[in-house]
Amino acid sequence: MSKPLKIAVAGLGTVGAGVIKMIQTHGDLLARRAGRPLEIVAVSARSKGKDRGVDLSNYAWEDDPVALAKRDDVDLFVEVMGGEDGPAKASCEAALAAGKHVVTANKAMLALHGQPMAELAESTGAALRFEAAVAGGIPIVKALTEGLAGNGIARVMGVMNGTCNYILTKMENTGASYDDVLKEAQALGYAEAEPTVDVGGIDAAHKLSLLAATAFGTRVDFGKVEIEGIQRITLQDIKNAADMGYKIKLLGVAQQNEDGIEQRMQPCLVPTASPLGQLEGVSNMVVVEGDFIGQTVYQGPGAGEGPTASAILGDIMDIARGLIIPAFGQPAAGLAQPNSSSKGSDAAYYLRFSLTDAPGTLAKLASILGAHDVSINRMHQYGHNGKTAPLVIVTHTTPRAALDTALAEICALSASLAEPVALRIESL
Ligand code: NAP
Ligand code: HSE
């Protein structure tokens with residue numbers, strides 16, 4: 001058997017402990033499959049004494065992850081500390097500069113620094129791999145860079161944040177409050193250290209920007225992702241959507257429009273009967289549309305110790321076998337500067353207004369929508385009490401700009417008591 005692949009692991013939390021467990025559990029299996037043993041040589045975290053549920057006694061300890069990355073006895077550096085800058089970035093750069101392979105689950109870091117890091121990796125002949133950074137255990141980066149490599153990609157979309165899908169489906173299924181379900185997701189190890197990164201859509205937007213770069217051969221452009229979180233979604237919205245045959249999902253879409261790439265991460269309505277509508281709990285789903293293959297759908301657990309470790313091991317195994325693929329599926333220097341689509345694609349919308357319950361209010365609102373060519377498909381007023389009147393409207397397909405202008409005018413009405421909620425109804 002060939003010489004071992006020597007591995008360092010920086011970060012011993014949910015993901016790092018999972019990686020170590022997997023290598024310890026499947027050592028023989030992995031060695032047979034790779035044709036060489038995988039050997040963890042050293043680890044790092046903040047607190048040396050902490051019990052992490054895994055035996056670390058055979059590994060050297062480094063307090064400093066940069067020193068860990070530079071060790072002479074390390075071939076491959078696993079970064080699972082998190083954080084877009086700081087020790088994560090410094091240690092990955094140190095490893096790549098020294099020609100050591102890097103496997104990371106850190107979408108925040110790559111969404112912001114993916115291009116220069118990919119260039120650095122290629123300059124030293126090292127691999128930079130990030131399967132675990134997108135959609136947890138689903139091998140979607142591999143699907144795009146390998147299995148679908150012959151296709152032009154038109155659209156890639158999906159549910160890519162386990163915490164948000166867990167919250168939305170658990171609220172619907174149990175009627176539990178948003179806060180209680182978020183606490184559960186944190187206890188189960190799904191959520192990011194700062195929960196607004198999850199519920200605000202930022203974590204999923206990081207992932208979408210990485211998929212868009214991989215799918216369209218462009219430089220990662222996180223700044224151009226339109227982002228809206230799930231914080232304003234109420235149980236009533238979930239029920240209203242269900243009554244109309246829809247589910248609310250935090251959906252990411254990256255698509256090639258005529259004038260450039262559209263990237264958005266926002267709560268959307270999807271048909272209940274669709275695969276995305278059926279997605280429950282912490283699961284993720286990614287849908288890829290290729291010009292020769294048509295539509296393909298990938299589903300699996302999107303977060304947690306086991307699924308994330310599984311994705312990391314997939315990358316490690318490739319490297320152990322000598323498969324060095326450019327980070328975004330093509331040499332970094334050839335990745336194009338992306339053009340952003342200026343107007344976005346048209347869609348129907350679910351709108352929820354909170355209005356004063358007074359004569360003429362509905363007429364004013366309807367006339368503003370009409371003046372901007374926004375056509376009403378269905379309407380439902382509920383729970384009005386003489387003072388306030390929640391109103392739900394579903395529009396016909398409309399250009400986004402026209403809807404935005406109409407909503408701004410409605411918002412300025414004295415009868416408007418809160419900013420309207422507008423959720424796109426995604427065509428699948
Ligand atoms: P976590 O449980 O909070 O673990 C983070 C680990 O990094 C801890 O062991 C911590 O040390 C260590 N660490 C933090 N700062 C450090 C520093 N300055 N120097 C050395 N060690 C440091 O986080 P996680 O959930 O495993 O996530 C790790 C990464 O994976 C993040 O990038 C996250 O976005 C990504 N990810 C997570 C999941 C998931 O389901 N959890 C899924 C996909 C991707 P101490 O333990 O000593 O404090
Ligand atoms: N916090 C993330 C989620 C972890 O909930 O999906 C996986 O990236």
Side-chain angles (χ1 to χ4, degrees), residues 152-160 201 204-205 208-209 211-212 215-216 218 221 223-230 232-233 237 240-241 244-277 285-291 294-295 297 338-353 365-380 391-411 419-428:
I153 305 295
R155 178 163 75 155
V156 51
M157 64 182 165
V159 168
M160 297 173 217
L208 183 71
S209 70
L211 278 191
F216 302 121
T218 49
D221 199 6
K224 295 285 167 42
V225 187
E226 188 187 334
I227 306 173
E228 187 186 331
I230 63 165
R232 295 187 66 215
I233 305 297
D237 289 323
N240 291 340
M244 295 186 294
Y246 293 103
K247 298 275 182 181
I248 299 179
K249 297 286 170 196
L250 179 67
L251 188 71
V253 179
Q255 68 187 52
Q256 184 77 63
N257 293 344
E258 272 173 19
D259 63 339
I261 293 170
E262 177 178 351
Q263 296 185 79
R264 52 191 156 78
M265 181 58 65
Q266 55 194 183
C268 289
L269 272 64
V270 298
T272 301
S274 66
L276 281 163
M285 180 177 285
V286 183
V287 178
V288 183
E289 293 167 355
D291 55 359
Q295 194 177 75
V297 179
N339 275 335
S340 266
S341 179
S342 54
K343 69 180 185 70
S345 46
D346 299 350
Y349 282 84
Y350 163 100
L351 308 175
R352 173 166 54 79
F353 301 95
L365 182 140
S367 76
I368 292 175
L369 290 174
H372 292 285
D373 257 351
V374 178
S375 176
I376 295 172
N377 183 353
R378 30 207 307 198
M379 197 169 74
H380 173 48
L391 172 73
V392 168
I393 286 179
V394 174
T395 71
H396 287 288
T397 299
T398 183
R400 174 65 189 274
L403 181 70
D404 283 349
T405 314
L407 291 181
E409 283 181 28
I410 291 167
C411 207
E419 198 184 328
V421 168
L423 305 178
R424 185 181 164 105
I425 301 179
E426 193 67 36
S427 57
L428 301 175

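Note that these values count all heavy atoms, side chains included, but never hydrogens, waters or copies made by symmetry.
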Visitor: Just so I know, are the side chains of Leu365 and Leu391 near enough to count as touching, which here means a heavy-atom distance under 4.5 Å?
Guide: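 Yes. Closest side-chain heavy atoms under 4.5 Å.
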Visitor: Rounded to the nearest 0.5 Å, how far apart are CG of Leu423 and CZ of Arg232?
Guide: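 That separation rounds to 9.0 Å.
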Visitor: Do the side chains of Met157 and Glu289 get nearer than 4.5 Å, heavy atoms only?
Guide: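 Yes, side chains in contact.
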Visitor: Kindly give the heavy-atom pair with the smallest separation between Gln263 and Asp221, and that separation in Å.
Guide: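 Residues Gln263 and Asp221, closest heavy atoms: NE2-O, 3.4 Å.
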Visitor: Do the non-hydrogen side-chain atoms of Ser209 and Val225 ever get within less than 4.5 Å of each other?
Guide: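 Heavy-atom side-chain distance check passes, below 4.5 Å.
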Visitor: What is the minimum heavy-atom distance between Asn240 and Val392, and which atoms define it?
Guide: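 Shortest heavy-atom separation between Asn240 and Val392 comes out as ND2-CG2, 3.3 Å.
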Visitor: Between Ile368 and Ala406, which heavy-atom pair has the shortest distance, and what is it?
Guide: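 Looking at all heavy atoms of both residues, the closest pair is CG2-O, 3.6 Å.
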Visitor: Test of understanding: with salt bridge (Lys or Arg N to Asp or Glu O under 4.0 Å), list the residues that count as partners of Glu262, not counting sequence neighbours.
Guide: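 With sequence neighbours excluded, Glu262 shows a salt bridge (Lys or Arg N to Asp or Glu O under 4.0 Å) to Arg264, given in chain and number order.
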Visitor: Once you round to the nearest 0.5 Å, how far does CG of Leu369 lie from OH of Tyr349?
Guide: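 So the CG of Leu369 and the OH of Tyr349 are separated by 13.5 Å.
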Visitor: Could you tell me if the side chain of Ile261 sits less than 4.5 Å from the side chain of Lys224, heavy atoms only?
Guide: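 No; the side chains remain at least 4.5 Å from each other.
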Visitor: Begin with the C-alpha distance, continue with both residues' side-chain angles, and end with the deciding distance and a verdict on side chain to side chain contact (heavy atoms under 4.5 Å, CB included) for Val287 and Leu428.
Guide: CA-CA 9 Å; Val287 178; Leu428 301 175; over 6 Å; no
Visitor: Less than 4.5 Å apart, side chain to side chain, heavy atoms only: is that true for Val288 and Leu211?
Guide: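 Not touching, per the 4.5 Å side-chain cut-off.
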Visitor: Tell me every residue that passes salt bridge (Lys or Arg N to Asp or Glu O under 4.0 Å) with Glu419, counting only those two or more places apart in sequence or in another chain.
Guide: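 If we apply the salt bridge (Lys or Arg N to Asp or Glu O under 4.0 Å) test to Glu419, skipping adjacent residues, there are no hits.
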Visitor: About how many Å separate CD1 of Ile248 and CG of Asp237, when rounded to the nearest 0.5 Å?
Guide: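 The CG atom of Asp237 sits 5.0 Å away from the CD1 atom of Ile248.
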Visitor: Tell me whether Thr272 contacts the main-chain N or O of Gly277 through its side chain, where contact means a donor paired with an acceptor under 3.5 Å.
Guide: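 No: the side chain of Thr272 does not pair with the backbone of Gly277.
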Visitor: List in chain and number order the residues that pass salt bridge (Lys or Arg N to Asp or Glu O under 4.0 Å) with Lys247, two or more places apart in sequence or in another chain; answer none if no residue qualifies.
Guide: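 Once residues adjacent in sequence are excluded, the partners of Lys247 under the salt bridge (Lys or Arg N to Asp or Glu O under 4.0 Å) criterion are Glu172.
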Visitor: For Asp404, enumerate each residue passing the salt bridge (Lys or Arg N to Asp or Glu O under 4.0 Å) test, keeping only those at least two apart in sequence or located in another chain.
Guide: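 So Asp404 forms a salt bridge (Lys or Arg N to Asp or Glu O under 4.0 Å) with Arg400.
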Visitor: Can you measure from CG (Leu251) to CE (Met285) and round to the nearest 0.5 angstrom?
Guide: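 Result: 11.0 Å between the selected atoms.
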Visitor: State whether the side chain of Asp291 and the backbone N or O of Gly152 hold a donor-acceptor pair below 3.5 Å, judged by distance alone.
Guide: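 Between the backbone of Gly152 and the side chain of Asp291 there is a qualifying donor-acceptor contact (under 3.5 Å).
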Visitor: Is the shortest side-chain heavy-atom distance between Asp373 and Thr398 below 4.5 Å?
Guide: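 Sidechains of Thr398 and Asp373: no contact.
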Visitor: Using 0.5 Å steps for rounding, measure from the CD atom of Gln256 to the CG atom of Asn339.
Guide: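 Taking CD in Gln256 and CG in Asn339, the distance rounds to 9.0 Å.
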Visitor: Find the distance between CZ (Arg378) and OH (Tyr350) and round it off to the nearest 0.5 Å.
Guide: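 Answer for the CZ-OH pair, Arg378 versus Tyr350, is 11.5 Å.
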Visitor: Side-chain contact test, heavy atoms from C-beta onward, threshold under 4.5 Å: evaluate it for Val159 versus Val270 and give yes or no.
Guide: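 SC-SC contact between Val159 and Val270 ruled out.
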Visitor: Are Glu409 and His372 close enough, and set up right, to give a side chain to side chain contact (heavy atoms under 4.5 Å, CB included), and what steps lead you there?
Guide: CA-CA 10 Å; Glu409 283 181 28; His372 292 285; 2.9 Å; yes
Visitor: Quick one: side chain to side chain contact (heavy atoms under 4.5 Å, CB included) partners of Ile425, sequence neighbours excluded?
Guide: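 With sequence neighbours excluded, Ile425 shows a side chain to side chain contact (heavy atoms under 4.5 Å, CB included) to Tyr246, Leu269, Ala348, Val394, given in chain and number order.
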Visitor: Going through the checks in order, is the side chain to side chain contact (heavy atoms under 4.5 Å, CB included) test met by Val421 and Leu351?
Guide: CA-CA 6 Å; Val421 168; Leu351 308 175; over 6 Å; no
Visitor: What heavy-atom pair brings Gly201 and Leu250 nearest, and what distance separates the two atoms?
Guide: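 Here Gly201 and Leu250 meet closest at CA-CD2, 4.0 Å.
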Visitor: If you take all heavy atoms of Ala366 and Ile376, which pair is closest and at what distance?
Guide: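 The answer is CB-CD1, 4.5 Å.
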Visitor: Please determine whether a side-chain nitrogen of the Lys or Arg among Arg424 and Glu226 lies less than 4.0 Å from a carboxylate oxygen of the Asp or Glu.
Guide: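 Not counted as a salt bridge, because no side-chain N and carboxylate O are separated by less than 4.0 Å.
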Visitor: Could you list the residues that satisfy side chain to side chain contact (heavy atoms under 4.5 Å, CB included) with Ser375, not counting sequence neighbours?
Guide: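 Checked Ser375 against side chain to side chain contact (heavy atoms under 4.5 Å, CB included); matches are His396.
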Visitor: Write down the atom of Leu208, the atom of Val253, and the distance for their closest heavy-atom approach.
Guide: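 Smallest interatomic distance, heavy atoms only, reads CD2-O, 3.6 Å.
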